[in-house]
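Here is the structure we will look at, set down as structure tokens.
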There are 2 protein chains.
Amino acid sequence: MNSLPKPTKTELAILNIMWNISPATVRQIHEEIIKNGKTSYTTTLKMLQVMHQKGLVNRNSEHKAHIYEPTLSKKETQKQMLDDLKNRLFGGSISSLVIQALGSNEKTKPSEIDEIKALLAKVEDK
Amino acid sequence: MNSLPKPTKTELAILNIMWNISPATVRQIHEEIIKNGKTSYTTTLKMLQVMHQKGLVNRNSEHKAHIYEPTLSKKETQKQMLDDLKNRLFGGSISSLVIQALGSNEKTKPSEIDEIKALLAKVEDK
DNA sequence: TAGGTTTAACGAAGTTCCTCGTATATCATA
DNA sequence: TATGATATACGAGGAACTTCGTTAAACCTA
């Protein structure tokens with residue numbers, strides 16, 4: 001029963017920070033955000049309030065400074081967004097997506113190639 | 001020199017149709033669109049005008065009914081959007097994306113597995 | 001050529017997204 | 001307790017996106 005909306009561009013940037021440092025306060029998240037550009041504190045606050053409203057993040061309001069954390073893990077979000085892209089641009093075929101991704105590749109670490117091979121073998125077993 | 005904007009959700013739906021039937025008139029594209037839901041003709045027209053303005057589609061205005069076609073091929077767009085997702089959610093690592101995609105997989109055709117293997121071998125050779 | 005059809009152009013309105021200023025509450029401490 | 005610092009809440013405004021109605025031009029064809 002996962003009907004969370006897909007995060008927007010800005011929301012995803014915030015989630016990326018939160019997956020590193022959460023649980024965290026607005027202040028902590030904001031400090032990370034302003035390392036890559038100007039934004040006022042209230043903008044960060046408002047974004048988190050909206051994201052909470054959408055269910056993208058949970059918050060603990062026991063203390064004066066609320067504590068936020070993402071509802072979904074990074075991995076779950078990756079899966080969700082890959083699934084979305086797969087359906088919207090690859091005719092629902094994940095292998096078509098993978099083929100295209102590998103085709104436009106420059107360099108991949110040997111350890112990662114091994115990991116991909118292992119996964120392929122697993123998929124093949126079925 | 002590819003600074004085309006990323007197509008929006010609705011624009012991508014239109015592009016998917018165009019990759020099948022273009023070059024095509026607004027009327028032809030619209031006929032396809034209304035197979036999956038109600039939309040008025042002028043909405044389709046406006047979308048194509050905006051997409052032309054953005055450079056997402058080219059058009060030939062010699063005849064009364066203009067002829068449209070996508071600026072980028074489906075493959076090029078797939079590459080562009082995979083690249084975007086890779087940067088925004090996978091820390092710039094395409095192999096991380098591939099691993100995640102294969103991990104959340106249901107069933108893949110043997111022929112596709114072979115194709116992926118072949119690509120892997122090519123990547124590995126470098 | 002007059003009337004109906006098809007088309008493009010344009011602007012307006014509703015929605016979502018993002019940003020920020022202002023108001024208000026809470027807390028620490030001098 | 002009064003003052004300053006820090007926090008939340010709220011709403012307004014601009015930009016992008018999407019939809020559609022109205023108008024005008026181009027084109028059949030009777």
Side-chain angles (χ1 to χ4, degrees), chain A residues 3-18 21-69 77 81 84 88-89, chain B residues 3-18 21-69 77 81 84 88-89:
Chain A
S3 70
L4 293 184
K6 187 171 63 149
T8 66
K9 185 176 165 54
T10 305
E11 287 166 349
L12 191 56
I14 292 176
L15 286 172
N16 269 314
I17 287 171
M18 294 178 77
I21 68 170
S22 76
T25 63
V26 177
R27 176 65 58 189
Q28 289 171 313
I29 294 163
H30 181 65
E31 291 302 320
E32 290 300 314
I33 288 177
I34 60 180
K35 287 180 181 173
N36 308 328
K38 271 197 203 344
T39 315
S40 47
Y41 174 84
T42 51
T43 300
T44 303
L45 172 64
K46 180 68 158 190
M47 286 301 303
L48 284 165
Q49 287 171 340
V50 169
M51 290 167 79
H52 173 58
Q53 166 70 28
K54 291 181 177 179
L56 292 173
V57 298
N58 296 320
R59 82 174 170 193
N60 178 327
S61 317
E62 289 174 11
H63 307 290
K64 180 191 176 190
H66 301 175
I67 307 290
Y68 288 83
E69 65 185 341
T77 302
M81 295 197 67
D84 178 72
R88 294 195 297 118
L89 192 53
Chain B
S3 71
L4 292 183
K6 186 170 63 148
T8 66
K9 185 176 164 58
T10 306
E11 286 167 351
L12 191 57
I14 292 176
L15 285 172
N16 269 314
I17 288 171
M18 296 178 77
I21 68 170
S22 76
T25 64
V26 176
R27 176 67 56 190
Q28 290 171 313
I29 294 163
H30 182 64
E31 291 302 320
E32 290 299 314
I33 287 177
I34 60 180
K35 287 179 181 173
N36 307 328
K38 271 197 204 341
T39 315
S40 49
Y41 173 84
T42 51
T43 300
T44 303
L45 171 64
K46 180 68 160 190
M47 286 301 303
L48 283 164
Q49 288 171 341
V50 169
M51 289 167 79
H52 173 59
Q53 166 70 28
K54 291 182 179 180
L56 291 173
V57 298
N58 296 320
R59 81 176 171 192
N60 178 330
S61 317
E62 290 173 11
H63 307 290
K64 179 191 176 190
H66 300 174
I67 308 289
Y68 287 83
E69 65 184 343
T77 302
M81 293 196 67
D84 178 72
R88 292 194 300 117
L89 192 52

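Computed from a prediction, not measured in an experiment: that's the story for all the values here. Proteins get letters first, then strands, A, B, ... in listed order; numbering begins at 1 in each.
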Query raised in the report: At what angle, to 10 degrees, do the two end axes of the helix from C:dT1-D:dA30 to C:dA30-D:dT1 meet, given five pairs define each axis?
Result: 10°

Query - N or O in side chain of A:Gln49 less than 4.0 angstrom from D:dT8 OP1/OP2 - result: no

Query raised in the report: Side-chain donor or acceptor of A:Lys46 under 3.5 Å from a matching atom on the base of C:dG21?
Result: no

Query raised in the report: What's the closest nucleotide to the A:Leu45 side chain, out of C:dA9, D:dT18, D:dA9?
Result: D:dA9

Query - side chain to side chain contact (heavy atoms under 4.5 Å, CB included) evaluation trace for A:Leu48 with A:His52 - result: CA-CA 6 Å; A:Leu48 284 165; A:His52 173 58; over 6 Å; no

Report task. With heavy atoms under 4.0 Å as the rule, sort B:Tyr41 into base, sugar-phosphate or nothing. Result -> sugar-phosphate

Query raised in the report: Under 4.0 Å: is that the gap between some side-chain N or O of B:Thr8 and OP1 or OP2 of D:dA16?
Result: no

Query raised in the report: Contact class for A:Thr10 (heavy atom, under 4.0 Å): base, sugar-phosphate, or nothing?
Result: sugar-phosphate

Report summary line: Value for NE2 (B:His66) from CG (B:Asn58), rounded to nearest 0.5 Å, stands at 14.0 Å

Requested in this report: Can you measure from CD (A:Glu32) to CD1 (A:Ile14) and round to the nearest 0.5 angstrom?
Outcome: 12.5 Å

Requested in this report: Output the distance between atom OG1 (B:Thr25) and atom CZ (B:Arg27), rounded to the nearest 0.5 Å.
Outcome: 8.0 Å

Report task. State which of C:dC18, D:dT8, D:dC20 makes the closest approach to the side chain of A:His66. Result -> D:dT8

Report task. Using a heavy-atom cut-off of under 4.0 Å over every strand shown, decide if A:Val50 touches base, sugar-phosphate, or nothing. Result -> nothing

Report task. Would you please confirm or rule out a distance under 4.0 Å between OP1 or OP2 of C:dC20 and any side-chain N or O of A:Ser40? Result -> yes

Query raised in the report: Does a side-chain heavy-atom distance below 4.5 Å link A:Lys54 with A:Thr8?
Result: yes

Query raised in the report: Using a cut-off of 4.0 Å on non-hydrogen atoms, how would the nucleic acid contact of A:Thr39 be classed: base, sugar-phosphate, or nothing?
Result: sugar-phosphate

Query raised in the report: Under a 4.0 Å heavy-atom cut-off, which of residues 53-63 of chain A touch DNA chain C?
Result: A:Lys54

Query raised in the report: Does OP1 or OP2 of C:dT19 have a side-chain N or O of A:Thr43 closer than 4.0 Å?
Result: no

Query raised in the report: Do the side-chain N or O atoms of A:Arg27 get closer than 4.0 angstrom to the phosphate oxygens (OP1, OP2) of D:dA7?
Result: yes

**Report entry** A:Leu56/A:Val50 under side chain to side chain contact (heavy atoms under 4.5 Å, CB included): CA gap, chis, key distance, verdict
**Finding:** CA-CA 9 Å; A:Leu56 292 173; A:Val50 169; over 6 Å; no

Requested in this report: Check whether the side chain of B:Lys64 and the base of C:dT6 form a donor-acceptor pair under 3.5 Å.
Outcome: yes

